[in-house]
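Everything on this sheet refers to the single structure shown next.
Here is the naming used below: chain letters follow the sequence lines, and residue numbers restart at 1 for every chain.
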There are 2 protein chains.
Amino acid sequence: MASGPGQSRDRATIIDVAAAAGVSRQTVSNALNNPDRVAPGTLMRVHREIERLGFSPNAAAQQLRRRKASAYGFEVNPSGAGKMGHILDGFLVELTVAAPDHSCHLVTFAPNLSRLLDGYDRILSTGLVDGFVLGDTRHDDPRPAWLLANEVPFVTFGRIWDNPEMGRWVDVDGRAGMEVAVEHLVAQGYTAIAYLGWPDGSPVGDDRRRGWLSGLADAGLADTAIAEEAVQDLTVATAAAERLLDRLPSGGAILCASDLLALGALRAVRNHGLEPGRDVGVVGFDDSDVAEALQLTSLRQPLQDAAAEAWRIVHAKGTDLSLTALLAPTLTVRASTTPTPQSPNESPTQSPNQSPVHPPRRPPLGRTAYPSLEEQQ
Amino acid sequence: MASGPGQSRDRATIIDVAAAAGVSRQTVSNALNNPDRVAPGTLMRVHREIERLGFSPNAAAQQLRRRKASAYGFEVNPSGAGKMGHILDGFLVELTVAAPDHSCHLVTFAPNLSRLLDGYDRILSTGLVDGFVLGDTRHDDPRPAWLLANEVPFVTFGRIWDNPEMGRWVDVDGRAGMEVAVEHLVAQGYTAIAYLGWPDGSPVGDDRRRGWLSGLADAGLADTAIAEEAVQDLTVATAAAERLLDRLPSGGAILCASDLLALGALRAVRNHGLEPGRDVGVVGFDDSDVAEALQLTSLRQPLQDAAAEAWRIVHAKGTDLSLTALLAPTLTVRASTTPTPQSPNESPTQSPNQSPVHPPRRPPLGRTAYPSLEEQQ
DNA sequence: CAGGCTAGTTGGAACGTTCAAATCATGCCA
DNA sequence: TGGCATGATTTGAACGTTCCAACTAGCCTG
């Protein structure tokens, strides 16, 4: 217990480096922040000492002097974590991965449920963060307006449908994704493409439905348009899919607004004694773990790109409301839209800019720790 | 654009409060950090001014002076986020929710994959965090030893099986969970309880298997012990479950090491023309979203308790290696272990200390934003 | 009534960095 | 050679808080 816990081990400061390199502290600071102001020889000497002493500038001192935390808040919500297609977990990861490129970091916080903005105000007023990434948007969401009024930098993941004027969002183009899915289904030889979606009135659902319709029109299949509605519940979805199958001609496919609805469709198909893919195509949305497990073709949100765009927007100076990014999802093709049996390898159309560290087929389990343990033993 | 972005709006400082209350800055500091040293009347006056001016102490200044960030690093890994049963997402959320109780916060960071410890060293040497919560543990994990050697506070989620002496972990008692599951199955009237687990050699898998065996012994059913093995893959699991079903007497049940294996078991049961629950009981592990969707009885990890214990351990002074917490999972009972059909409402044995904000049945979708939109419209 | 003790309060200093302005060579041109 | 711009470097001050030691007034004790 030489030095006790905490950051007590006395780390080298900028002054130690300065003394070692025989310059003043400001020159060391300049060597790091404004290298062009420092003579080449000096620069080299300083950097050698920085290396030798293992110096890293103290974040708190920088924050204090610069009056800027270089940190952004990310609200995590207990109600959705780990749930099927809870895309936010992945978004948070990609934001974290990309954060060092913008020399900043993320601080998680939980919302104050009774007074929503309080949580934001508290973490902001301590100067712990400079702004926020809003991982979701609610109906009548008070946050964007509040943040704008207080000139707090932010970006939202998901369009602010309530108010089209409100920029500063990143979103995935569900409509374009659906069009790609229709195109794929047609190319695979399916001759009629039905739609299993959510009831009218949800902006995202309506957007996806429009994509289906325009995809059909582009393919000259507008006359095959039949659809059913279901809320996000497996039993309801299965029943709706059953009704759809009764009307769907042979050689048809079902395009679904979510992986859960697609799961219902898969069940209905099997209940009819049919084989997904061979007899009826099924496509889901979000490329969740379930989609992978059940060999369900699904649209994958380009989270890595979304994270990069989010950083770009949140860092933009001023309160420019025209900063938006609409990204196209990519289709992960699996057996559920492959009429002829094929080896179940990875999708050929998978996003090329996927994280390179993503192993091709790492079976996840109860806890990530253990698959790797098994595999290594 | 009066003041530009960032934390530029001039916030009240401790000196403003001091002036307003007619005391010195140190007295204001004492009022917040050592109220017992301040006279009651003064204390009230100071607090009134704090309230009136909306003062919050600047985090960076505190960190700098106290030489302590009150922040902990949490490594997020791109390879697992959002995957089935990727329990870490939920753990991160619960840690975040509990963080304010310990007046600290979490900073996420991504690992340096080539030189694992570099990422830890960097974030630590800037003083951005005081320690770490290791969300997973790998085989031959170098991190605990390194952190100990450097006297960095930490806690791991998951026992360090490689080295039983290495304390400072929180974990879920898979063995006890399995015993509870066996007890439940017996109570439901299942007369033989088979096991579908991972191949020998994974500590977690072996632990769960032992729980099954001791549960059987307690129930006097040791002679019914039959088991099959499968890696974490749906096709393999289904095949293994098929073999198991060939040997399983009528009125039996299958206890599985994971929800994915249980998913395979469900498929095998249906392939045999049987009905899960009514004909064959099936139990999974992790209570993932899939378990909920498929009405699969499953063991749920007590993440909220785990988070509380983790904070307790990481905050403990010194390098005491005896700090551990082993928590029992709870069983969420669904149709897959209910022989007689019943209304598909929530489990009666669900964890009582579940987050109160968790709505009883909020169907999550592609993005959390939109179900709420639908529901509200 | 000197001396000491306690509760309450205060001012100086420090945490480690960057901003802003000052200093100091150096070279160029008139 | 004096004046002046230029580049490189240094010094003083500040960011907002807490640690530490000092100070005061009041009260008790011998």
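Rounded to a whole Å, the CG atom of A:N30 is 14 Å from the P atom of D:dT11. We find that CD of B:Q26 is positioned 18 Å from P of D:dT24, with the value rounded to whole Å.
Side chains of B:R25 and B:N30: no donor on one and acceptor on the other come within 3.5 Å. In this model, no donor atom of one side chain and acceptor atom of the other lie less than 3.5 Å apart for A:N58 and A:Q62.
Contact between A:D130 and A:S70 at its shortest, heavy atoms only, is OD2-N, 2.6 Å.
Taking a heavy-atom distance under 4.0 Å as the criterion, the stretch of DNA chain C touched by chain B extends 5' to 3' from C:dG8 to C:dG16.
Rounded to the nearest 0.5 angstrom, A:I160 CD1 and A:D171 CG are separated by 10.0 Å.
Between B:F109 and B:F132, the ring centre distance stays below 6.0 Å. Ring centers of A:Y72 and A:W311: under 6.0 Å apart, within the cut-off. A centroid separation of less than 6.0 Å is found between the aromatic rings of B:F91 and B:F157.
Contact annotation: A:S24 does not reach the phosphate of D:dT9 (side-chain N/O to OP1 or OP2, under 4.0 Å).
The residue among B:R66 and B:G22 whose nearest nucleotide of DNA chain C is located toward the 5' end is B:G22. Checking B:T27 against B:L64, the closest nucleotide of DNA chain C that is more toward the 5' end is the one next to B:T27.
Within residues 31-39 of chain B, the residues having any heavy atom closer than 4.0 Å to DNA chain C are, in order of number, B:D36, B:R37, B:V38, B:A39. Contacts between residues 42-50 of chain B and DNA chain C, defined by a heavy-atom separation under 4.0 Å, are made by B:T42.
B:R48 and B:E51 are not joined by a salt bridge, as no carboxylate oxygen comes within less than 4.0 angstrom of a charged side-chain nitrogen. With salt bridges taken as basic N to acidic carboxylate O contacts below 4.0 Å, one links B:D136 and B:R143. Salt-bridge check for B:R312 with B:E309: passed, with a basic side-chain N closer than 4.0 Å to an acidic carboxylate O.
Counting distance only, with no hydrogens placed and no angle test, the side-chain atoms of B:R65 and the base atoms of D:dT18 include a donor-acceptor pair under 3.5 Å.
Between A:H315 and A:H102, the ring planes are parallel. Angles under 30° get that label, and only those over 60° would be called perpendicular.
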